[in-house]
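Inspection log for the structure reproduced underneath, given as structure tokens.
Numbers restart at 1 for each chain; the letters A, B, ... are given by sequence-line order, proteins then strands.
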4 protein chains.
Amino acid sequence: MTKEPKRKSIGATRNPASAEAILTAAEQVLIEKGYRGFTIDEVARRAKAGKPTIYKWWPNKAVLLLDVYLRQKSIIFQNTGKFEDDLVAFINAILTNWRETPSGQIFRSIIAEAQSDETSRAAVTKFATDRQAETSFLILQGLKRGEVCASVDPIGVARWIGAYLWYQLLTDRLSLTTDELRNDVEILLAGLANKPPS
Amino acid sequence: MTKEPKRKSIGATRNPASAEAILTAAEQVLIEKGYRGFTIDEVARRAKAGKPTIYKWWPNKAVLLLDVYLRQKSIIFQNTGKFEDDLVAFINAILTNWRETPSGQIFRSIIAEAQSDETSRAAVTKFATDRQAETSFLILQGLKRGEVCASVDPIGVARWIGAYLWYQLLTDRLSLTTDELRNDVEILLAGLANKPPS
Amino acid sequence: MTKEPKRKSIGATRNPASAEAILTAAEQVLIEKGYRGFTIDEVARRAKAGKPTIYKWWPNKAVLLLDVYLRQKSIIFQNTGKFEDDLVAFINAILTNWRETPSGQIFRSIIAEAQSDETSRAAVTKFATDRQAETSFLILQGLKRGEVCASVDPIGVARWIGAYLWYQLLTDRLSLTTDELRNDVEILLAGLANKPPS
Amino acid sequence: MTKEPKRKSIGATRNPASAEAILTAAEQVLIEKGYRGFTIDEVARRAKAGKPTIYKWWPNKAVLLLDVYLRQKSIIFQNTGKFEDDLVAFINAILTNWRETPSGQIFRSIIAEAQSDETSRAAVTKFATDRQAETSFLILQGLKRGEVCASVDPIGVARWIGAYLWYQLLTDRLSLTTDELRNDVEILLAGLANKPPS
DNA sequence: GGGTAATCGAGACGGTACGTCGTGTCTTTCC
DNA sequence: GGAAAGACACGACGTACCGTCTCGATTACCC
């Protein structure tokens, strides 16, 4: 076993190794013990870091959580040529990612944390809004191809999709079959309203 | 100052006065100090109740929160004769209630709490499912009147609506104008898909 | 398994079966869990008695403890014809009894309990004084036989012996060999003072 | 009123000011409220210290009590030239100290506490043994001067004296006159046995 | 190239909440 | 009216975490 050299200060500048160790430890703790066990003490212990070091760079737990979440790999848009398939693939990718990687647990924790603290909530809300903008690209894609009704507001739709995703996450419904998912998407696509046969 | 008689046991049976005092205190604490300050200790202090009494009847914090939430007045369905108006009124009533009464803060806390604990989450998920069943009455109403497409799954729609409501709550978007809300509802009603002019 | 009939009230008079059950339960609890685990709750549970019943008849824990102690069998004086042997046998009988029956544990608890409470201490002190009077019979026996110096105060000696016994109990020295004990007794008998050869 | 600066950590090392404050508070609580009121909570409150700080350095209540006891001033041996006088003075000094300072109350509590817990009892027994060793110096002093019989075991005698002291403390007999005390000591010095005139 | 100045680990500190247990009082219901 | 049953207000238990602090060591930067 190689003698692991103790990590020390590297002088009057931030030690990236520490930051890295802290984020990794935070992620591990979150996976292993969940949000309940996600304490600064435990992260510091795991990272072999001092608590003040953590507090210095991540003043809130929410900020640290967001940083951990952002280190996760992001979703890549599909372009199959058919809007419905793209949308289903997109949602499915996110749900699968949440289900099969720590991301789901992490994001759940972020949302929980944000409910206790005004500024955290603002940060998460901003994050959500940014994601809506990204999602709206997908809508615009469909709109450009004439598959989406021109009168539709892309951001508004992105909000519906974001809402759907959060709800699935928060109510433990990440394990849908593709058919179930396609059914749900179908509702959004076709709309509720009874269209009179023209 | 009138000497307030201390609340005592009323024998080997649950004292409703205590339950009442605890729920009231819990609500007050939640309003005044938020979820962060919502501790069993504080509730017990405020209610002049023993902590064991609280733990006896509400094993989880989530359960207590749900009980507090359920004491709030509930939403009554509208029936204006037009499905879209009913739906908008329904959503608006909930959002307004969340915005203008403690209910919003309380329910936010419930969702947060549920993310820390498996059993709490199950309880909240069950609650959500029950509400979807209620909401689906609205859909069925519209369906009976022929305003809703017959092929639509009422529970599935109720889920979309629930998702929308939670999302608005969790991302601090409770103060929509009626027009904004109507726009959002419109998307769900009309659907995204471009309907070719037949 | 015979269906054990639940013990009920026998009307407006003290139920001796309850008293018996409580004392027995108290003794068992003390043996099994020690003084720390000796709680009224536990005794009530074990005796299948209501707590108020216990409090009614034994207002203090110390009183209950004393009652339990007094149910134990008492020591019988020896009379071997030689004072030293009688004394050693007497002390040894008590130490053995304390070591091999619950009595030691019980009496230890009584002493501990008595230190917290003024009236309990008075009760125990009275008990100790009574025992000294009994012990002094032994001294008088020796005195009558001319083995004990006539100028000696029997009660004073009984006090020394009581002190010795308590000390052995409280400092976990109940397992002396007879020789060790005889040595200790020898000191008391012969005295410290250097007797000049007359 | 001068704004008292809050006591803080002084880094990763024990803060003596805290230790001091805790011991002082513990002593005060014991004096004012007795052993019944001597709770870690109360000590922490009084010392303005956190409970974990107390538990960190004093794992048992008995250990804390012993530390409090040891802060009291100790007894100084006399050397009057006469063994009996030295012994009487020694015992009297201890009894007086127990009677007139908090030491008596404190030591009583220590003994009581030790009866509940095995490890505490071991600590107290060790303390008692150490004191016996000290006391035996007094015996050796007398032995050296030829006042004490050479065949006597000093530790054995010290044990008798320790027993006597504890017994007086535990049975509320701290207020003896010098004559009463001298009588008791006389018994130990002269011994019980009837010495036949040679 | 020597003296700041900032960073690091470590961990103690005053607090506060946790969830459990025991206390002694009370009331209801049954005998 | 005694006894069971058990709920109640209270408060201590011992533990965990919070966010702050002080320390001594360890560089990087600036004069």
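Rounded to whole Å, atom P of F/dC13 lies 13 Å from atom CG of D/N60. We find that CG of A/N15 is positioned 11 Å from C1' of F/dT26, with the value rounded to whole Å. A straight line from CH2 of B/W58 to P of E/dG19 spans 15 Å, rounded to a whole angstrom. At whole-Å resolution of the value, CZ in D/R14 and C1' in F/dC23 are 17 Å apart.
Judged as a salt bridge (charged side-chain N to carboxylate O under 4.0 Å, His left out), and not counting sequence neighbours, the contacts of A/D41 are A/K51. B/F38 pairs by the ring pair (Phe, Tyr, Trp, His ring centres under 6.0 Å) definition with nothing, not counting sequence neighbours. Listed by chain and number, the residues in a salt bridge (charged side-chain N to carboxylate O under 4.0 Å, His left out) with B/R71 are B/E20, B/E27 (sequence neighbours excluded).
For E/dC8, neither phosphate oxygen OP1 nor OP2 lies less than 4.0 angstrom from any side-chain nitrogen or oxygen of A/K56. A sub-4.0 Å separation between OP1 or OP2 of E/dT7 and a side-chain N or O of A/W57 is absent. Look at D/T53 and you'll find a side-chain N or O under 4.0 angstrom from OP1 or OP2 of E/dG14. Residue A/S18 places none of its side-chain N or O atoms closer than 4.0 Å to OP1 or OP2 of E/dT7. The phosphate of F/dC18 (OP1 or OP2) has a side-chain N or O of A/K61 nearer than 4.0 angstrom.
Residues C/G50 and D/T13 each lie close to DNA chain F; by heavy-atom proximity, the contact nearer the 5' end of the strand is made by C/G50. Judged by closest nucleotide on DNA chain E, A/A49 is the one of C/Y55 and A/A49 placed further toward the 5' end.
Here side chain to side chain donor-acceptor pair (under 3.5 Å) pairs that include residues 53-63 of chain D, with residues two or more places apart or in two chains, are D/W58-D/D67. Judged as a salt bridge (Lys or Arg N to Asp or Glu O under 4.0 Å), the pairs with a partner in residues 103-112 of chain D (not counting sequence neighbours) are, in order, D/R108-D/D172.
For the pair D/L30 and D/S109, the minimum side-chain heavy-atom distance is below 4.5 Å.
Interface residues of residues 33-46 of chain B facing DNA chain E, ordered by number: B/T39, B/I40, B/D41, B/R45; criterion, heavy-atom separation under 4.0 Å.
A donor and an acceptor atom sit less than 3.5 Å apart, one in the side chain of A/K51 and one in the base of F/dG19.
Ion pair A/R36/A/E42 not flagged as a salt bridge, since none of the NZ, NE, NH1 or NH2 atoms sits closer than 4.0 Å to an Asp/Glu carboxylate oxygen.
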